[in-house]
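Single-structure report; data block below.
We name chains A, B, ... by the order of the sequence lines, and we start the count at 1 in each one. Note that these values count all heavy atoms, side chains included, but never hydrogens, waters or copies made by symmetry.
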Amino acid sequence: MEGTRKRVVESFFKHKLGMVGLVALAILYFVVLLADFISPYNFAETHRNFVYAPPSKIRWTDPDGRWVGPHIYGMKRSRDPVTFELVYVEDTTTVVPIRFFVRGEKYRFLGLWETDLHLFGVEASTDKAMLLLLGADRFGRDLFSRILVGGRVSMTVGLLGTFLSVFIGAIVGALSGYYGGWVDVLIQRFTELLRSFPRIPLWLALAVIIPPSWPSTWVYFGIVTVLSLIGWMGVARVMRGMTLSLREKEYILAAKVMGVSDWKIITRHLIPNTLSYLIVVSTLSIPGMILGESTISFLGLGIKEPMTSWGLLLSQAQSLSELESHPWLMVPGLFIMVAVLSFNFVGDALRDAVDPYRTVEKV
Amino acid sequence: MTGTSERILTVRNLKTYFPTPEGIVRAVDDVSFHLDRGEVLALVGESGCGKSVTAHAILGLVKAPPAKIEGSIVFCDRELVGLSQAEYRQIRGMRISMVFQEPMSSFDPLYTVGQQLTEVAQAHMPWSAAEAKERIIATLRLVHIPDPEKRYNEYPHEMSGGMLQRIMIAMALITSPDIIIADEPTTALDVTIQAQVLNLMQDLQSGYDGSIIFITHDLGTVAEIADRVHVMYAGKIVEKAQVVEMFDNPLHPYTAGLLASRVKREYKGKELPYIEGYVPRADQFPDGCRFNPRCPRAMAKCKELEPPEFELGRGHTVACWLYEGSEAG
C-alpha cells in the first residue's frame, strides 16, 4: 500500500510533459484567481480613444539608444483617408513609464473590497495612453485584462462540470454494474441513447433553455449543468465496467453476507475503491468541458456580456476581415489551447502513474 | 447424540439450478439435512460438488432468477426460501454469519479492520459508537488477537493471513449469531496457522451455544472439529454419519476413496492412492448414480437408477445400491 503510493507519486513527478502541464496549470490558476489585481485595467471599462487599438510596443531605450527603463508612448488616432480604417500612430512626445503597483481603474478585489491598486500598469489618463499588452477590442477594452478575467469562467467551468458529471456518472455507473440485470440494461441503453445524439446540437438545445434574463452567475451555473448533463455518460460506462469486476471481490460478498446494505456497499466500498481511476477520468475530461463551454459561448448561447470567457472573447474573431485587421483577437484561442493541452498532459501523467496498463479510455 | 436438542436449521429437498446456454447446471440437487443447536456439521467433498452453493443458498446469496431454488430451508421456524433481500438482511450477519476462505481478500483494503467490524456491528446492533468499540475489542481479545486496541486501527495489509482469519471469525461472532457458516476457513492458510485457527474455532465452539456448518475438503480438519459429517458429491449428499463412525466405517465407495487418498506415512515411496477421473460437470451428470463412472464397485443397476438414501442406524445413511436391503429396522 505505502509502496504503491510511493511508486504512483514518483512516476507522476517523473513524467516530463505532465510536469510542464502541472506548472502551466498552476500559473494559469494563480493568475486567474488574482485576475483583476494582475490586469492593468478593469475588464469591463470601455475606452473610446482606443477602439481596436493594437498591442502597445514596450520600449526600454529612448530614440537615441539610451537606457530609460520600460515605457510606452501615447497613441494618436486617425482614420485612413482611403479605407476609413482606424489607424493608431505613436505620439513620441508623451513618454509613459510602466511601473509596478500603480493606481488605476477601480475594481473589487476577490469581490471583497474596492481598490484601485494594480500589479503593474501606467499612470496616465486612458484618453492619451494605455498599456495594451494584447491590444483592445471594439469597445476599447483591454484584451489582456479580459482574458485573465474570462479565464475565471473557462478554467473553473471544467472543474465544476467534471466534478458534477463524475459524481452523477459514478453513482449511475455503480448502480448499473452492481445490480446488473434489467437495471443495467435500462441504464446502459439510456446512456447509449444520450450518447448517440450529436453533442453540439444537444448542448445548444439545452443552452437555449437558460433564460436570457438570468444574471451572469446563474448563467454560469446553468452552463455547468448543461455540460455535466452530457458529460456523465462516459464516466458511467467506465464505472460500470469497474464495478462489474469489483463486485466479484470477496470483500464485497463479505460485506453483503454480514448484512451491510446495498447503498452502503456502493458508496463505502465500490466507489472508494475506484477513486484512483475516477481521478484520472476526471482530469482527462476537464479539457472537453473547457472546449464545450468555449463552443457554447462562441456560438453566443453561453456566458453573456459584460461577463466574459475565452469562448466569448474568441467569438469576436469570427470573421476573416476582422482577423485580418485585428489579429490579436485570436489570442484567447491560444489560452484555450494551453489550458486544454496542460490538462491532457497532467491527465496522461496521472494515468501512467495510477494505471500502468491503460485500462481507462479517454471519455 | 444431539437427538433431543433444539433443531435450528432444517433443509429439505433443496435444489439450486442455474440455467446456462449449455443446459441446466444442477449445482445442488435434492439435498436434505438438519442442524441442531450447539452442533458442528461438516460438509465434505471435492471442489465443485455444491458445498459452497448450498451455503450461499442458505444465506440467500444465490440470485434467483436467473437461478432456480426449490425445496425448503427452515431456520428457527422461519422459511427462508423466497424471502426478500430486505428480510434476508435482518438474518445475514445477525443470525447467520459466514467466514470466508480467503482472509486476505475478504477485507476492504481502504478501511481499518476496526472500521469494518464497526460497520457490521452497527448494521445490526443498537450500540453506541463507544459501546461498539468496546465490544469489538473484547471480541478481538476473544479470538486471541494480541494488542487489540492497536490492531483495531490497523489496515488489513498490515496483518498476516492467520490474524485476518481470526478477525474474520471475530466479525462473524460479534452479533452472536445462531449459525456460523465457515466456508473452507483454513484452506488459504499454511499448516501451522491452520491448526491455530482450528483450535480457536474449537475453543469458541465449546463456549458458545450457536452451531457451525464447516465446509471443507480436508478430512483432517473434519476429524478435529465436527460432530457429524455429510459427504457431498456432484450436488448430492451421498453419506451422512457421526464423525467417528465415518472414519471407522466409511460405506460409500466415494467416502472410502476420499479417506484412502489422505497422505499417510505408509505410502512412502509408493504411488498415492487416488480416485480415478474428475467430478463430472454439473450440466453433464451421468444417468443413475452420479459416481458410477469413477466407482470401483459399480454394478449394472448403478448406471440406470439413482440410489435412494438407505438408513443404516445410528444416524448413518448412505446413498448407494451396495447397501440395498441392509437398512436398519
Side-chain angles (χ1 to χ4, degrees), chain A residues 1-9 170-171 174-188 239-240 242-280 354-356, chain B residues 52 55-56 58-61 63-66 85-111 113 115-125 154-158 164 167-168 170-175 177 180-183 188:
Chain A
M1 209 64 177
E2 287 306 311
T4 315
R5 190 168 302 159
K6 207 173 151 213
R7 180 189 62 73
V8 166
V9 170
I171 288 180
L175 285 174
S176 172
Y178 181 71
Y179 285 108
W182 64 268
V183 179
D184 187 32
V185 172
L186 205 73
I187 291 179
Q188 289 310 309
M239 190 64 197
R240 169 186 176 259
M242 294 199 306
T243 309
L244 281 180
S245 72
L246 267 182
R247 73 164 185 194
E248 303 301 327
K249 294 263 185 197
E250 291 213 323
Y251 56 81
I252 301 294
L253 183 67
K256 212 175 164 185
V257 167
M258 293 306 180
V260 179
S261 67
D262 287 346
W263 180 248
K264 269 199 162 172
I265 290 179
I266 290 175
T267 53
R268 296 206 23 159
H269 297 290
L270 283 176
I271 294 181
N273 270 291
T274 57
L275 210 60
S276 56
Y277 296 88
L278 283 182
I279 290 171
V280 174
V354 174
D355 175 28
Chain B
S52 297
H56 284 199
I58 293 172
L59 279 166
L61 294 173
K63 221 175 185 182
Q85 287 295 310
E87 290 169 305
Y88 246 122
R89 207 173 299 133
Q90 304 303 315
I91 293 174
R92 287 201 290 244
M94 174 73 189
R95 312 279 317 264
I96 308 179
S97 56
M98 191 160 175
V99 175
F100 288 88
Q101 188 178 135
E102 280 282 354
M104 294 301 228
S105 56
S106 299
F107 286 90
D108 189 328
L110 299 183
Y111 299 98
V113 293
Q115 285 172 318
Q116 298 187 55
L117 286 161
T118 310
E119 187 177 26
V120 174
Q122 292 194 330
H124 300 290
M125 297 305 200
E154 287 190 356
Y155 287 89
H157 73 269
E158 297 175 86
L164 279 180
I167 291 172
M168 189 88 216
M171 190 187 263
L173 277 173
I174 194 102
T175 54
I180 294 177
I181 300 178
D183 190 355

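For the pair B:Met98 and A:Val257, the tightest heavy-atom approach, listed with the atom from each and the gap, is CB-CG1, 3.3 Å. Nearest heavy-atom pair across B:Ser106 and A:Glu250 is OG-OE1, 3.2 Å. Of all non-hydrogen atoms in A:Gly259 and B:Ala123, the two that sit nearest each other are O-CB, 4.0 Å. Between B:Pro109 and A:Tyr251, the closest heavy-atom pair is CD-CE2, 3.6 Å. In this structure, B:Met168 and A:Ala254 approach most closely via the heavy-atom pair CE-CB, 4.2 Å.
The part of B:Gln85 that comes within reach of chain A is its side chain, from C-beta onward, which places non-hydrogen atoms under 4.5 angstrom from that chain. Only the backbone of B:Phe107 comes within contact range of chain A, with at least one heavy atom under 4.5 Å from a heavy atom of that chain. With a 4.5 angstrom heavy-atom cutoff, B:Ala86 does not touch chain A via any of its atoms. For B:Tyr111, the part sitting under 4.5 Å from any heavy atom of chain A is the side chain, from C-beta outward, and nothing else.
If you tally non-hydrogen atom pairs under 4.5 Å between each of A:Val260, A:Asn273, A:Asp262 and chain B, the highest count goes to A:Asn273.
Put simply, CG on B:Leu110 and CD1 on A:Ile271 are 12.5 Å apart, with the number rounded to the nearest 0.5 Å. In this structure, CD in B:Glu119 is found 5.5 Å from NZ in A:Lys264, a value given to the nearest 0.5 Å. A distance of 12.5 Å separates CD in B:Glu102 from CG in A:Leu253, rounded to the nearest 0.5 Å.
Counting only distance, with no hydrogens or angles, the side chain of B:His124 and the backbone of A:Met258 share a donor-acceptor pair below 3.5 Å.
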